Amino acid sequence: MDIQLSVQRLLLGAAIAVISLGTQGAELVGQVVAIADGDTLTVLDGERRQYRVRLQGIDAPEKGQDYWRVSRQSLADRVFSQSVIIEYEKTDRYGRLVGRVLRDGRDINFEMLQGGAAWFYAKYARELPADRQLNY
């Protein structure tokens, strides 16, 4: 095999890997330090910075609405004071990260739906990556 062809293939592979990283979004690892309601929490990262996070693809009662305390408690029971990974691709108009919350490999967004503490909201369907749209 020609050395120039091998180098070209190597460079092409590296370029594809970099492009893929750019389209996958980002991750935040930290500890959950506050729960606002059933779809919003605050994470503290290793450098002691706080990030507000809205759980992607779901909706939950807001403060003052019926069952908001039940929904908030359900999220707290799953993640408060726990280490989590947030997979996100964007921020919303309030500056919150919008992403999937993972704890010990479990999809907390989906668990909130399964447990009846949140609901799928069609308005947010477009936020979900294609591989997750059928899961909700």
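What you see is a predicted model; the values in this text were computed from it and never measured.
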Test of understanding: with side-chain contact (heavy atoms from CB on, under 4.5 Å), list the residues that count as partners of R69, not counting sequence neighbours.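 Testing R69 for side-chain contact (heavy atoms from CB on, under 4.5 Å), a comparison that skips the adjacent residues, returns none.
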
Quick one: side-chain contact (heavy atoms from CB on, under 4.5 Å) partners of E62, sequence neighbours excluded?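 Testing E62 for side-chain contact (heavy atoms from CB on, under 4.5 Å), a comparison that skips the adjacent residues, returns D37, D39, D59, Q65.
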
Evaluate side-chain contact (heavy atoms from CB on, under 4.5 Å) for V84 paired with V43, printing each intermediate quantity in order. CA-CA 8 Å; V84 296; V43 173; 4.1 Å; yes

Taking transitive links into account, so neighbours of neighbours count too, which hydrophobic residues share a cluster with L44 at under 4.5 Å side-chain distance?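 Traced through the cluster, L44 reaches V33.
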
Output the distance between atom [atom1] ([X]) and atom [atom2] ([Y]), rounded to the nearest 0.5 Å.
{"X": "D45", "Y": "I86", "atom1": "CG", "atom2": "CD1", "answer": "11.5 Å"}
{"X": "E87", "Y": "D107", "atom1": "CD", "atom2": "CG", "answer": "8.5 Å"}
{"X": "R72", "Y": "F80", "atom1": "CZ", "atom2": "CZ", "answer": "8.5 Å"}
{"X": "F120", "Y": "F110", "atom1": "CZ", "atom2": "CZ", "answer": "12.0 Å"}
{"X": "I108", "Y": "L113", "atom1": "CD1", "atom2": "CG", "answer": "11.5 Å"}
{"X": "N109", "Y": "I58", "atom1": "CG", "atom2": "CD1", "answer": "5.5 Å"}

What pairs with [X] under side chain to side chain donor-acceptor pair (under 3.5 Å), at least two apart in sequence or on another chain?
{"X": "E27", "value": "none"}
{"X": "Q73", "value": "D77"}
{"X": "S74", "value": "R78"}

CA sep, side-chain torsions, deciding dist, call: Q82, V32, side-chain contact (heavy atoms from CB on, under 4.5 Å): CA-CA 6 Å; Q82 301 297 315; V32 177; 5.6 Å; no

Which atom names give the shortest non-hydrogen contact between A117 and P61, and what distance separates them?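 Distance-wise, the nearest heavy atoms are O-CD, 4.2 Å.
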
Of all heavy-atom pairs between S83 and R103, which one has the smallest distance, and what is that distance?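 Scanning both residues, the minimum pair turns out to be O-CG, 3.9 Å.
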
With a 3.5 Å cut-off and no angle check, do the side chains of R96 and T91 form a donor-acceptor pair?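 R96 vs T91: no donor-acceptor pair found between side chains.
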
Would L28 and L97 satisfy side-chain contact (heavy atoms from CB on, under 4.5 Å), going step by step from the backbone distance to the final call? CA-CA 10 Å; L28 168 67; L97 301 179; 3.8 Å; yes

Considering only heavy atoms from C-beta outward, does the side chain of I35 approach that of T42 to under 4.5 Å?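 No, too far: nothing below the 4.5 Å cut-off.
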
Show your reasoning for whether side-chain contact (heavy atoms from CB on, under 4.5 Å) applies to T40 and L75. CA-CA 9 Å; T40 306; L75 183 57; over 6 Å; no

Near R48 CZ, under 6.0 Å, is it more than 12 heavy atoms from other residues, nucleotides or ligands?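 No, not enclosed.
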
